[in-house]
Amino acid sequence: MKIKKRKQLIFGAALAFAFSFSIADIVLAEGVNSTAQTEKKQEVHESTAENSKQQAATAQQSEDIPVAEIEVKETKEVKTKEQKQEQLTIGQQADAEGINNYVVTHNSTGNKTDTATKDLPQTVSVVSQKVMEEQRPKTAEQALSNVAGISNGGGIMNPYANLLPMFNIRGFRANYFYVDGLYDNSSTAAGWLGNLDRIEVLKGPTSVLYGNNTPSGIINYITKKPLPYESYTIGQEFGSWGTKTTDIDMSIPLTQDKKWLSRTIIETDDTGAFQKGVKNKHFNGSIIIQGQPRENTKYTFAATYNHYDLAGGYIGSLPTKGTIDQPYGIVPYDANYYNPNVRSTFTGRSISGRIDHKLNDIWTVSSALRYSNSDYHQKYLGAESFTDNTYTKVTQDYIHAIRKTDTLAWDTTGNAKFKAWGINHNLVLGYEWSRYTLAWPYSTHIWDYSSVAVTNPIWVDPPVTDPASTSSSYSMYRQGVYLSDMLELSPKVKLTAGIGHASYAYSTGTKTSGSTWRLGTTYEASPGVTWFAGYSTAFEPNSAQTVSGTLLNFSPRSGDQLEGGIKVDISNKASATLAAYKIRYNNILYNLGTSSNPDYQLIGEQSSKGIELDVNYVIKPGWNLLAVYGKNNARNTNDKNTAIIGKWITGVPDHTFKLWTTYEIQDGPRKGLGFGGGITYVGNRAFNGTNTLWLGSYSTIDGIIYYKTKDWRYSLNLYNLTNKHYWVDATGVSVYAGQPRSFLLRMERTF
């Protein structure tokens, strides 16, 4: 790493840590007095409730009741924030977290029920609706740059079309996506962000609650809910390279008593890219209906539809020779070697239903079902390999294939909050089941069909008739049970313990099952400041192999994480997590023999360790700050290929940093005027396993200025202000140039 880059990195880390300490010094000072008063009121309340409990217990001794003592406190007219969140409600509340500022202190991903993030002995990071509203990300990669420890996982197909997003979390591949807590690797391939309220990321092993996965984590897309009043918002955007977007967001109560609400979001665009002649068209739509005909029962129904007309192929995929490898500089930065006139289409659909029912003051049961599918009709003409060592022409391969997926997922969760044996419990137990199918019913290709010049590609037409095609498919069935309990050992100490067992079967013959667990504790050292430590495990199937005509199943891959740190969560003032972690990933299957004489061994091992900081902070009303920093050391510790032992895992940056802040004038003649921006830094990344090629580090600067009134909002986003040239991603055989300087102008009207 160059000295200049190292200084930038040290400065970024110091700045992020300074923000974290300022939270403890400034925000705690502001909140400690009100918190202390609240605690005194709670002590009086608890004393009164304790007397009532003793009287109730005396009366119950004559009845046939369970041995465990259950405490049910009388509901008061004035409810605490926690009590309000336990009530079933529909619609997006005006004071919902992440709407008016960046701070989100609760999540539903870390414990499969609404839980305070500070009480979890594991890191959960959230990209709020406010952040996405300001930054206007068009891809999942752009949105998740606001989370420490996440990097691109090899953007395939067409990253500028935002198809099939792929990520690494804490150094390991994280390609299990969820929508509102349900497994969905079909409709999420569209990468649409327009109907999202927030994105929650649970870092580290998640197998206890979510079944098989690498020890990386999961990404959970939380969709927007209807507004509890009639509202219509129409938006129009204009961007670089002829980009145009129109969207409408409608919330309409379906009944006069507002016990049934609806929200419809539609977005259509013509998107340009900085590569010559590349245009993509997207149509996205969603509808969500929520109803609460009775106080103790809530229904949620949703559907989405995505249809894309795309320039076919891996648009912008460039050869390593001439970019990151010698001879340098022979490939233009904005080059594209895939014919943009050969088109592909993508269609995604989903439908889901959920019911939440509060049985009594203790038990709430939630059951949800989701079905989604996708069709990707892929046709492209292009490649990223030179025809010879003169480096003057690039090969053109012809591919025509159809990729189909469908996902059916069901999850039922019971949540009990009660007191037994003198300890408060937050118990979660449930069952999940899913089926995922991936099929290629049609696949054909012609290698070296033609070639184009490096500096001036002139496109040829695809063949009139395809050669013979092939087909393939497989299905994966997953099911699991899970149990987790959060015990309040004292007002300051909570212990979380969980266990899960899951089994998986593939149509290819692979069968595996595994039990996983997690154990951790939190200690609230002072109001809003909590120390945490936890241990969690994960497992993922190894593929079955055929040896001498016999199908052999192997033990699954295993992973574990040890994590600890400090969290700051103070009402709507601040949410921050500073964590250190160490992850091991073992039992990776390799063939140490030959194809004719195989010798399969579970010898593969990888490790990852690092520190992360995620900060969301309200400096003062209207002034918000987001700062994230990650330092990661992910390496291969044992492998079939001895040359990569001890080497960096490909595509994982050693350091990442992002700072984003905005300020909006709160009163006076310029009320509603806001401005801000930020810097993003991504460290060096290995391109190959032997670490002989690197993508290099980069930093970009973005800015925003906006003005809003009661009914109108205008905004101008400027990206990569310094017009930095950098390599944003790699596929293993090629690299992608990052987006140069660009803009996005938006106008919206609310009725």
Pair Asp397, Tyr380: side-chain N/O donor-acceptor within cut-off below 3.5 Å: no
Minimal non-hydrogen separation, Tyr504 against Pro541, with atom names: CB-CG, 4.5 Å
Residues in ring-ring contact (aromatic ring centres under 6.0 Å, His included) contact with Tyr210, at least two apart in sequence or another chain: Tyr178
Asp334: partners by salt bridge (charged side-chain N to carboxylate O under 4.0 Å, His left out), with sequence neighbours left out: none
Ring geometry between His307 and Tyr305 (parallel below 30°, tilted from 30 to 60°, perpendicular above 60°): parallel
Summary of salt bridge (charged side-chain N to carboxylate O under 4.0 Å, His left out) pairs that have at least one residue in residues 583-592, sequence neighbours excluded: Asp560-Arg584
Under the side-chain contact (heavy atoms from CB on, under 4.5 Å) test, residues paired with Ile402 that sit two or more places apart: His377, Lys404, Pro441, Tyr442
Asn720 side chain vs Gln739 backbone, donor-acceptor pair below 3.5 Å: yes
Under 3.5 Å donor-acceptor, Asp639 side chain and Thr642 backbone: no
Sequence-distant partners of Tyr431, side chain to side chain donor-acceptor pair (under 3.5 Å), two or more places apart: Gln479
Any donor-acceptor N or O pair under 3.5 Å, side chains Tyr585, Glu540: yes
Thr188, Ile219, Asn212, Asp184 screened by side chain to side chain contact (heavy atoms under 4.5 Å, CB included) with Tyr176, the one that passes: Asn212
Pair Ser734-Ser317, side-chain donor/acceptor within less than 3.5 Å: yes
Under 3.5 Å side-chain donor-acceptor pair for Thr395 and Thr387: no
Close side-chain approach of Thr271 and Val278, heavy atoms under 4.5 Å: no
Within 6.0 angstrom of Lys647 NZ, more than 12 heavy atoms from elsewhere: no
Ring geometry between Trp241 and Phe274 (parallel below 30°, tilted from 30 to 60°, perpendicular above 60°): tilted
Smallest separation among heavy atoms of Pro165 and Phe177, with atom names: O-CZ, 3.4 Å
Test item: side-chain donor near acceptor, Asn168 and Ser216, under 3.5 Å: no
Side chain to side chain donor-acceptor pair (under 3.5 Å) assessment of Tyr482 paired with Asp411: CA-CA 11 Å; Tyr482 50 88; Asp411 187 283; 2.9 Å; yes
Side chains of Tyr376 and Trp440 in contact at under 4.5 Å (non-hydrogen atoms): no
Partners meeting ring-ring contact (aromatic ring centres under 6.0 Å, His included) with His501 (sequence neighbours left out): none
Flag, side chain of Asp325 to backbone of Gly322, donor-acceptor distance under 3.5 Å: no
Nearest heavy-atom neighbours spanning Leu182 and Ala368: CD1-CB, 3.6 Å
Arg349 bridged to Asp375 by N-O distance under 4.0 Å: yes
Residue from Tyr736, Tyr333, Trp694 passing ring-ring contact (aromatic ring centres under 6.0 Å, His included) with Trp727: Tyr333
Thr407 and Ser186 side chains, donor-acceptor separation under 3.5 Å: yes
Pairing residues for Tyr726 by the ring-ring contact (aromatic ring centres under 6.0 Å, His included) criterion, not counting sequence neighbours: Tyr698
Arg136: salt bridge (charged side-chain N to carboxylate O under 4.0 Å, His left out) partners, not counting sequence neighbours: Glu237
Results of ring-ring contact (aromatic ring centres under 6.0 Å, His included) for Tyr600 - residues two or more places apart only: Phe554
Which residues share a side-chain contact (heavy atoms from CB on, under 4.5 Å) with Ser443, sequence neighbours left out: Ala401, Thr470
Pairs involving residues 456-473, ordered by first then second residue, that meet salt bridge (charged side-chain N to carboxylate O under 4.0 Å, His left out) (sequence neighbours left out): none
Asp180 (side chain) donor-acceptor with Thr223 (main chain) under 3.5 angstrom: yes
Distance-only polar pair, side chains of Thr405 and Ser374, donor-acceptor under 3.5 Å: yes
Residue pair Ser350 / Thr304, side-chain donor-acceptor N/O under 3.5 Å: yes
Residue pair Arg170 / Val652, side-chain heavy-atom distance below 4.5 Å: no
Pairing residues for Asp406 by the salt bridge (charged side-chain N to carboxylate O under 4.0 Å, His left out) criterion, not counting sequence neighbours: Arg435
